[in-house]
Amino acid sequence: MREENEIENYLSQILDEPCDDSLLRYVLLMLQHKREPSKMIAELDAFLAEKSAHFVDWLFEGQNQEEENQKEQNQKEQVEQNQQKEEEQNSLVFVENKDKFQDEKLKVVGQVKAGFAG
């Protein structure tokens, strides 16, 4: 989510004058209560007129990017977890195969010894 001072600066830029503190608080309150963008646009029309849609788009642009970054991070972590599980499974299979190979080797050695002894 965008920082409070960033929102205040952008509102001041849109309005071409310092942002009124009550307008800033109103925007922050709508964000806090997770107001839908379309409702925010309608409610901000009284303050920003035709600029309200642009402002709300800008406001949520940062939030959408944060959500996308978090989604990518979660996917990356999932891939890493899957790779780790696969490596653990491969290690177990290797140990099992090694044990089987060792058993087979002992059988063959035993048969060879028996062949020489007989």
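Residues take their numbers from the sequence shown, with the count starting at 1.
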- request: Would you check if R35 and E43 make a side-chain contact, meaning some heavy-atom pair closer than 4.5 Å?
  value: yes
field: R2 side chain reached by E61 side chain, heavy atoms, under 4.5 Å
entry: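 Sidechains of R2 and E61: in contact.
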- prompt: Is there a side-chain contact (heavy atoms from CB on, under 4.5 Å) between L15 and F55 once you walk through the steps?
  reply: CA-CA 11 Å; L15 297 170; F55 171 72; over 6 Å; no
task: Please confirm whether the backbone N or O of L48 pairs with a side-chain atom of S52, one donor and one acceptor, at under 3.5 Å?
output: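 Between the backbone of L48 and the side chain of S52 there is no qualifying donor-acceptor contact (under 3.5 Å).
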- request: Mind running side-chain contact (heavy atoms from CB on, under 4.5 Å) on K39 and M30 for me, showing each step along the way?
  value: CA-CA 9 Å; K39 290 183 179 181; M30 286 191 285; over 6 Å; no
Least distance between heavy atoms, [X] atom then [Y] atom:
X: C19; Y: S12; value: N-OG, 2.9 Å
X: L31; Y: M40; value: CD2-CE, 4.3 Å
X: I14; Y: K51; value: O-NZ, 2.8 Å
X: L11; Y: V27; value: CD1-CG2, 4.2 Å

message: Rounded at 0.5 Å granularity, tell me how far NE2 in H54 sits from CG in L59.
response: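 The NE2 atom of H54 sits 11.0 Å away from the CG atom of L59.
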message: As an exercise, state the distance from CG of L23 to CD1 of I7, rounded to the nearest 0.5 Å.
response: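 L23 atom CG to I7 atom CD1 measures 10.5 Å (nearest 0.5 Å).
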field: ring pair (Phe, Tyr, Trp, His ring centres under 6.0 Å): pairs with one or both residues in residues 4-29, sequence neighbours excluded
entry: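 For residues 4-29: Y10-W58, Y26-F47.
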query: Among side-chain atoms of E77 and Q73, is any donor-acceptor pair under 3.5 angstrom?
result: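 Side chains of E77 and Q73: pair found under 3.5 Å.
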message: Going by salt bridge (charged side-chain N to carboxylate O under 4.0 Å, His left out), name the pairs with one or both residues in residues 13-22, residues two or more places apart or in two chains.
response: D21-R25
